[in-house]
J.: 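One structure, pasted below without further comment.
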Amino acid sequence: MDKPFSVKDSVNLPRTDFKMQANLVQNEPKMLQFWESIGLYEQILRKNEGRPPYILHDGPPYANGNIHLGTALNKVLKDFVVKYKSMKGFYSPYIPGWDCHGLPIEKRMETELGFGSKQMDILEFRQHCRRYAEKYVGIQREQFKRLGVFGDWANPYLTMSHSYESTIARVFGDFVKMGNVYRGAKPVFWCISCQTALAEAEVEYDDHESPSVYVKFPAKSDFSRVIPEVAGKPLSVVIWTTTPWTLPANLAIALHPDYDYVAVEIGDEVLVVAEGLLSFFLQDTGLAQGVVLAQVKGAVLEGQICRHPFIDRDSVLVLADYVTLEQGTGCVHTAPGHGQEDYVTGQRYGLPVLCPVDNEGRFTDEVPHWNGMEVFAANEPIVEHLRRNGSLIRATAISHSYPHCWRCHKPIVFRSTKQWFIALDLNDLRAKALEEIKRAKWYPEWGETRITNMVANRPDWCISRQRSWGVPITVFYCSKCDGVLMDAEVVAHVAGIFEHEGADAWYRRGSTELLPPGTACPQCGHTEFDKEYDILDVWFDSGVSYEATSRNRPELPWPSDMYLEGGDQYRGWFHSSLLASLGCRDTAPYREVLTHGWVLDKDGLAMSKSRGNVIEPETVIKQSGAEILRLWVGSVEYREDVRISDEILSRLREAYRKIRNTLRFLLGNLAGFNPARDALDAAALLEIDHWALARLHQLLARCGQAYDRYDFHIIYHSVYQFCSVDLSAVYFDILKDRLYTAAADSPERRSAQTALWTILHHLVRLLAPLIPFTSEEAWQHMRPMADLPESVHLADFPVPKAAWLDERLLAKWDRVLAIRELVSKALETARQEGRIGNSLEARVSLGASHDDTAFLSDLAGELRYIFIVSGVTFTERPGAGDGQPEVTVDKAPGAKCERCWNYSERVGTFDDFPTVCERCIPVVRALAGKA
RNA sequence: GGGCCUAUAGCUCAGUUGGUUAGAGCGCACCCCUGAUAAGGGUGAGGUCGAUAGUUCGACUCUAUCUAGGCCCA
């Protein structure tokens with residue numbers, strides 16, 4: 001026997017297995033397994049095979065350490081783009097990559113293996129580096145996959161793969177062929193104890209005691225031509241230095257063009273120092289007060305010549321804006337072979353890069369008195385020499401921050417070394433780069449300005465590093481005449497060997513086994529060669545990434561469509577990729593470049609260990625799930641710097657719940673609905689259902705455009721608002737009465753369900769690129785209802801249907817909803833006064849203007865459902881303004897229907913179901929009859 | 001110090017070519033509901049648009065300076 005019929009149970013309440021609790025942390029990994037099991041990434045590619053490609057080329061993160069929020073932001077943004085383009089029908093393979101060579105791994109290995117590794121066989125050392133990089137590629141790969149990022153994770157590109165290393169060498173060969181590679185001098189940090197060049201990252205700053213000396217450089221040219229007041233008087237320019245050992249390499253004195261310099265007469269001589277430092281100078285040297293004869297701008301003195309204090313050589317006065325008035329004399333001793341700034345200034349003035357110091361830090365024969373002496377030991381005799389020849393004004397000692405070697409902790413020197421460069425102003429390389437920058441599209445637009453300024457002003461590209469873990473610069477030196485063998489065909493030959501054996505071949509093979517047979521020195525004809533041991537800058541490695549990735553994959557056309565990285569890459573990858581591609585392809589590797597900002601803490605400060613404000617992606621994933629992290633990426637204006645904090649994450653969890661509950665309500669009220677069988681034509685829909693679709697139309701139009709502009713946060717905000725306001729607060733609230741109490745298969749209910757299904761079907765696909773896990777979860781719940789693809793990510797991106805949009809309807813409902821708001825206010829007042837609780841306890845009467853009355857009577861029977869009250873009456877009141885009807889609330893007459901909770905005077909008048917209203921009675925009777 | 005960028009309610013964002021009392025959602029406070037229920041609804045209070053000076057009849061919107069912050073250089 002069936003259960004007796006129950007009026008209470010005769011309502012159609014929502015039913016769904018789609019849980020209110022997402023349990024993202026537990027369920028996301030299961031979803032990833034599902035995707036893996038159906039080969040989703042491959043299916044997506046297969047679906048779009050043969051259609052127009054859209055290639056987002058991945059910039060390679062460095063294979064070291066765990067991913068941080070910046071990397072997560074970056075990968076998720078890329079995933080938004082790729083998923084969107086894929087749903088739009090583009091063929092969009094995503095090949096992730098890693099940057100594997102370079103100093104950080106090398107440093108790490110040296111620390112792990114002990115500094116004795118310097119003596120280790122280089123091949124063995126490189127093997128250790130490779131293993132380390134492999135390990136972190138594995139770790140990061142899993143972390144990226146965990147974020148729900150789709151891609152060819154099984155076949156990423158690695159800058160250390162044989163084929164990639166071969167491409168690096170090949171592109172180097174292209175530059176050789178172009179004729180832009182040259183060998184020049186450049187100062188680098190150098191540890192004289194370890195006898196090695198040091199990178200910036202290997203330098204530590206510690207306090208160190210140095211001499212502090214003021215030295216006179218006597219005038220050689222006639223200063224009175226620009227300072228008439230000093231005519232006929234002996235004049236010297238005074239410099240200050242803490243490294244007297246660099247004086248033998250002095251070639252210039254730098255002044256600031258805008259500062260004032262004074263010629264001050266002290267005793268029988270005239271000294272030139274900066275005006276702003278004069279009193280400090282006199283005090284620090286103990287000189288007597290002098291008479292200021294004249295004052296001129298530094299710029300006026302440019303080109304004047306002094307004599308070196310103890311070498312028969314000129315020292316020219318040059319201008320540089322890094323000169324400060326913090327210390328010294330404002331006249332800066334300049335030795336282009338011993339300082340970065342000095343070097344740059346020297347380049348500008350065409351000075352040679354003089355560096356009379358060898359690998360061990362000893363003066364060469366170029367230095368007369370002290371050749372063979374270690375430079376730090378030479379400080380004292382040099383000062384003594386200056387004192388004796390009268391050039392010294394004063395010598396004291398100073399304790400200051402000075403660079404030290406991270407390995408041996410001894411003070412280091414700045415020393416010029418031979419380095420390899422790519423010339424930018426040869427063969428129009430720079431001009432072409434600037435042209436290509438103009439051809440590409442930069443988002444945001446200021447990116448173009450930023451990279452243009454950099455490319456226009458940068459010096460030649462120094463591509464050599466004195467390192468082991470990388471791709472060697474494949475040039476040779478004649479072992480007889482020491483001439484350089486740099487030949488494009490030779491490089492190509494070596495690159496061919498790398499293709500099979502990797503760059504290790506450079507170290508494994510002797511030069512004869514690397515060179516094409518019969519290679520002879522172009523200078524002397526000798527046939528034995530030594531190899532270059534410098535490696536290429538890792539920016540060169542990553543710069544050729546698209547060439548290396550697309551070379552063996554015919555499905556990847558040149559150039560790619562998009563590069564998407566953080567703003568730091570204007571200097572980095574956007575830049576090196578542009579230059580490298582001009583070497584091998586003559587065009588930029590990208591059509592569009594999109595940049596994102598930096599991830600900052602809640603106060604807008606950069607995250608750092610020392611500040612203790614670092615949030616790890618792993619923490620967020622463990623606490624809230626990757627979906628929340630993705631939603632964060634989707635919610636912020638990422639082209640500017642973005643903030644993250646516990647508060648922000650907690651807001652996002654709330655927003656997520658709202659969106660999730662919206663999907664759940666949709667699914668719940670579609671239980672048993674079969675769109676193919678039950679859906680109504682758009683024309684047959686009730687007006688408010690049509691309104692909901694019109695709003696959906698607006699949402700889709702807005703969001704489609706936002707996706708095209710990569711304005712993801714617009715989508716998040718629009719969808720969230722749509723869920724909260726249009727659906728939850730308005731449409732669903734009004735709809736509940738109809739969904740729950742109308743007969744299950746009545747046209748009114750089917751009309752609502754048709755709208756709900758349409759909203760669900762479109763909303764889920766709209767959200768799929770942003771929140772792929774939840775969209776998929778909802779999609780799987782929809783699949784039993786209709787014939788749908790196996791995954792939401794195999795579905796087409798939703799486009800609005802023209803038939804839904806009805807501007808007049810939208811305008812009309814704007815007006816209805818405005819009046820609804822007035823009713824809500826009035827109901828709230830009644831509630832505050834204790835006259836009603838639930839709005840269904842109320843009856844509302846509207847005193848409206850003539851226009852409004854006409855407008856409202858059109859909706860007559862619907863109004864009580866729209867306002868969610870038990871009755872609405874309206875009367876024309878000449879006093880009321882348009883759009884401002886007077887709302888009166890009183891208690892609804894009659895009794896509450898047990899079934900639909902509306903109040904009706906007819907409740908109790910039906911003998912068979914005395915607790916039910918006139919609206920429910922036919923439904924109940926039908927159901928009871930069936931039962 | 002240089003190049004580029006940012007600064008609108010507690011949070012995340014809108015604010016079109018300068019034009020009436022600066023918007024949204026969320027959060028918050030108070031209330032209602034208990035048939036979306038670790039849900040749902042209503043009402044309400046929140047901003048001298050980083051600061052200062054200027055251009056203008058009028059500036060969140062233009063200019064300059066400053067402050068705070070970010071990336072990249074030096």
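The figures here come from the full heavy-atom set of this structure, side chains too, leaving out hydrogens, waters and symmetry mates. All values derive from a computational prediction rather than experimental measurement. So that the names make sense, note that chain A is the first sequence line, chain B the second, and so on, each numbered from 1.
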J.: In whole angstroms, how far is the C1' atom of B:rC71 from the CG atom of A:Asp601?
T.: 16 Å
J.: Report, as yes or no, whether the 6.0 Å neighbourhood of atom CZ on A:Arg15 holds more than 12 heavy atoms from other residues, nucleotides or ligands.
T.: no
J.: I'd like a list of close polar pairs between nucleotides 66-68 of chain B and the protein, N/O only, cut-off under 3.5 Å.
T.:
none

J.: Is there a side-chain contact between A:Leu629 and A:Val76, using heavy atoms and a 4.5 Å cut-off?
T.: no
J.: Where each residue is assigned the nucleotide of RNA chain B containing its nearest heavy atom, which of A:Asn838 and A:Arg611 is assigned the position nearer the 5′ end?
T.: A:Asn838
J.: Of A:Tyr570, A:Trp442, A:Trp573, which meets ring-ring contact (aromatic ring centres under 6.0 Å, His included) against A:Tyr563?
T.: A:Trp573
J.: Please write out each protein N/O paired with an N/O of nucleotides 1-5 of chain B under 3.5 Å, distance rounded to 0.1 Å.
T.:
| residue | atom | partner | partner atom | Å |
| --- | --- | --- | --- | --- |
| B:rG3 | O3' | A:Asn453 | ND2 | 3.2 |
| B:rG3 | O2' | A:Asn453 | ND2 | 2.9 |
| B:rG3 | N2 | A:Arg450 | NE | 3.4 |
| B:rG3 | N2 | A:Arg450 | NH2 | 3.1 |

J.: Under 3.5 Å, is there a donor-acceptor pair between the side chain of A:His596 and the main chain of A:Arg639?
T.: no
J.: Of all residues at least two apart in sequence or in a different chain, which pass the side chain to side chain contact (heavy atoms under 4.5 Å, CB included) check with A:Pro403?
T.: A:Phe189, A:Val203, A:Tyr205, A:Ile412
J.: Would you say B:rG40 has OP1 or OP2 under 4.0 Å from some side-chain N or O of A:Lys658?
T.: yes
J.: With a 4.0 Å cut-off on heavy atoms, is A:Arg657 in touch with a base, just the backbone sugar-phosphate, or nothing at all?
T.: sugar-phosphate
J.: Here's a test of your reading of the structure: between A:Val7 and A:Ile836, which maps to the more 5' nucleotide of RNA chain B?
T.: A:Ile836
J.: Quick one: is B:rG41 close enough that its OP1 or OP2 comes under 4.0 Å of any side-chain N or O from A:Ser728?
T.: yes
J.: Is there a donor-acceptor pair closer than 3.5 Å between any side-chain N or O of A:Asn838 and the backbone N or O of A:Leu840?
T.: yes
J.: What distance do A:Trp539 atom CH2 and A:Arg465 atom CZ have between them, rounded to the nearest 0.5 Å?
T.: 11.0 Å
J.: Nearest-Å distance, CG (A:Asn902) to C1' (B:rC33)?
T.: 15 Å
J.: Between B:rG42, B:rU43, B:rA36, spot the one nearest the side chain of A:Glu821, thanks.
T.: B:rU43
J.: Tell me every residue that passes side chain to side chain contact (heavy atoms under 4.5 Å, CB included) with A:Ser10, counting only those two or more places apart in sequence or in another chain.
T.: A:Phe5, A:Arg899, A:Val924, A:Leu927
J.: Can you tell me the pairing partner of B:rU20 across any strand shown, Watson-Crick or G-U wobble, with both distances under 3.5 angstrom?
T.: none
J.: Are A:Tyr716 and A:Tyr720 near enough that their ring centres are under 6.0 Å apart?
T.: yes
J.: Among all residues two or more places apart in sequence or in another chain, which pass the side chain to side chain donor-acceptor pair (under 3.5 Å) test with A:Lys825?
T.: none
J.: May I ask you to verify if any side-chain N or O of A:His713 is less than 4.0 angstrom from the OP1 or OP2 atom of B:rA14?
T.: yes
J.: Indicate, with a heavy-atom threshold strictly under 4.0 Å, whether A:Gly668 touches base, sugar-phosphate, or nothing.
T.: nothing
J.: Ignoring backbone atoms, test whether A:Arg899 places a side-chain nitrogen or oxygen under 4.0 Å from the OP1 or OP2 oxygen of B:rG35.
T.: no
J.: Heavy atom of residues 642-653 of chain A under 4.0 Å from RNA chain B: which residues?
T.: A:Arg643, A:Glu647, A:Ile648, A:Arg651
J.: Can you tell me the Watson-Crick or wobble partner of B:rA29, both distances under 3.5 angstrom?
T.: B:rU43
J.: So, OP1 or OP2 of B:rG35: does either fall under 4.0 Å of a side-chain N or O from A:Lys8?
T.: no
J.: Classify A:Ala729 by what it touches in the nucleic acid, base, sugar-phosphate, or nothing, heavy-atom distance under 4.0 Å.
T.: sugar-phosphate
J.: Take atom OH of A:Tyr740 and atom C1' of B:rA36, then tell me their distance rounded to the nearest Å.
T.: 5 Å
J.: Could you tell me the Watson-Crick or G-U partner of B:rC66, where both distances fall under 3.5 Å? Say none if there is no partner.
T.: B:rG50
J.: Is any side-chain nitrogen or oxygen of A:Lys602 closer than 4.0 Å to OP1 or OP2 of B:rG10?
T.: no
J.: Verify the neighbour count for atom CG of A:Asp646: are there more than 12 heavy atoms of other residues, nucleotides or ligands below 6.0 Å?
T.: no
